[in-house]
Protein chains: 4
Amino acid sequence: MALHNPVEAELRVRFAETDAQRIAYHANYIVWFEVGRTAFLEATGLSRDRMRALRFRFVMAEVQCRYLSPAYFDDRLIVRTALQTLSRRSFTLRYEIVRAETGELLAEGGSAQVAVNKAGKAVEIMPAVRAALEQEA
Amino acid sequence: MALHNPVEAELRVRFAETDAQRIAYHANYIVWFEVGRTAFLEATGLSRDRMRALRFRFVMAEVQCRYLSPAYFDDRLIVRTALQTLSRRSFTLRYEIVRAETGELLAEGGSAQVAVNKAGKAVEIMPAVRAALEQEA
Amino acid sequence: MALHNPVEAELRVRFAETDAQRIAYHANYIVWFEVGRTAFLEATGLSRDRMRALRFRFVMAEVQCRYLSPAYFDDRLIVRTALQTLSRRSFTLRYEIVRAETGELLAEGGSAQVAVNKAGKAVEIMPAVRAALEQEA
Amino acid sequence: MALHNPVEAELRVRFAETDAQRIAYHANYIVWFEVGRTAFLEATGLSRDRMRALRFRFVMAEVQCRYLSPAYFDDRLIVRTALQTLSRRSFTLRYEIVRAETGELLAEGGSAQVAVNKAGKAVEIMPAVRAALEQEA
């Protein structure tokens, strides 16, 4: 199932991100999802500075990743990120990681984020953020 | 649902593992699952050296983590790891991460591993490995 | 030159910390120095909670590491940490990383830390911290 | 002292790379040096694939970094990398990390690399690699 209206971010696999199997270490895909999420949020207008001005904070509630084919040192990868669901206090994103040259799908996954206040308590997603996220839906 | 017969590994949250929300960064839980998995495999008799002697290799097929409560710098954590399923070419593990002092559950998750040969192709789990894993079931 | 009165911390090389040369990735030694530094500070009475109560903060001014022999997945390592110098606003530490079984020296290095206030400005090291560090000199 | 003929690589600070002081964690600068080094080597003609074809391998012998001013989440940084020395079996590089918008110098450092054979033993740098590195001197 292709992602709807994904935002793309490109990266290259760092040597730091490889492991002794000579492939990219699996936990780094979760970091790459973050790279995709940051690009996605910026594309919606929710840049770091805008989120700070709005005092919009979220925490991770869940992540999941399925690995289909390995990535190697210095590979060019594209992270595709799209909104999946948007509810009162949380939103979920879907990710695909593909090889830039071939488009081969290497991994896919998802994450759930919950809006929180400064104390870390779940709160409603504020209208400005909701509007930004909805335009990507 | 408590884990059946878990193996425990202890760790302390490194400053390197925190993020600008002043909590442990979420992708590090996937690394901590690896710490738990290594302890689990060693407890079954599948230490690094034994796995190497057997030429038993596996790759990650899937990881998933649900975050319940944050961990902070220097917190003492326990990773509990247990076998969930064992099939012909793969096995799945479940993990719980709890605060050592209180036992509070901070996160729980799972991973699926597939046995592979040197070329990375899925193969049957060899009898010696199967026997080791089954004793933990 | 052996370290004077070092504090020891033990760790095992995680698979996450290896790289495609099948050895521990070099930047992780800097993280292991942090593991040593945390143990050193705790041994002086400057635990996380004590430092927080004192509002003692420091930032890294310099790190350096010399690599002598590689470490491998699941190796047991000992990080030895000792105070080198203590001046008005800063202190330096020396580190050795040795293989636990053999005592073989794998790497050695140092770091310089500067005391800062909440705004990140260099300040004098407060007397309580100075007294704690001096007892290790 | 400005670097002679540096190669530039750009990156953005990932949330994964921040720490509980709300700044980029210091060990990540060593990883960013690797990003710079990879770009530098590629610029000399020593891409991953070319190095593999030549069977040219090196290991880190030393790294050093001096921190001048912190970097923050999502900051755009430039890593400048230049050859410093080239000897029979080793070469050293210098690095500068600057804020992309302002050119402010945030950190500077160096690394020493030793050419090794497959067994990890120090060997002479082969002529093709020497020629590539020299053109950057």
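So you know, we letter chains A, B, ... as the sequences are listed, proteins then strands, and number each from 1.
- For Phe15(C), the parts lying under 4.5 angstrom from a heavy atom of chain A are both the backbone and the side chain.
- Atom CZ of Arg48(C) sits in a crowded spot, with more than 12 heavy atoms from other residues, nucleotides or ligands closer than 6.0 Å.
- Across all non-hydrogen atoms, the minimal contact from Arg22(A) to Gln21(C) is NH1-CA, 4.3 Å.
- For chain A, no part of Glu17(C) is nearby; none of its heavy atoms comes within less than 4.5 Å.
- For Ala27(C), no part sits under 4.5 Å from any heavy atom of chain A, backbone or side chain.
- Heavy atoms of other residues, nucleotides or ligands lying less than 6.0 angstrom from CZ of Arg99(C) number more than 12.
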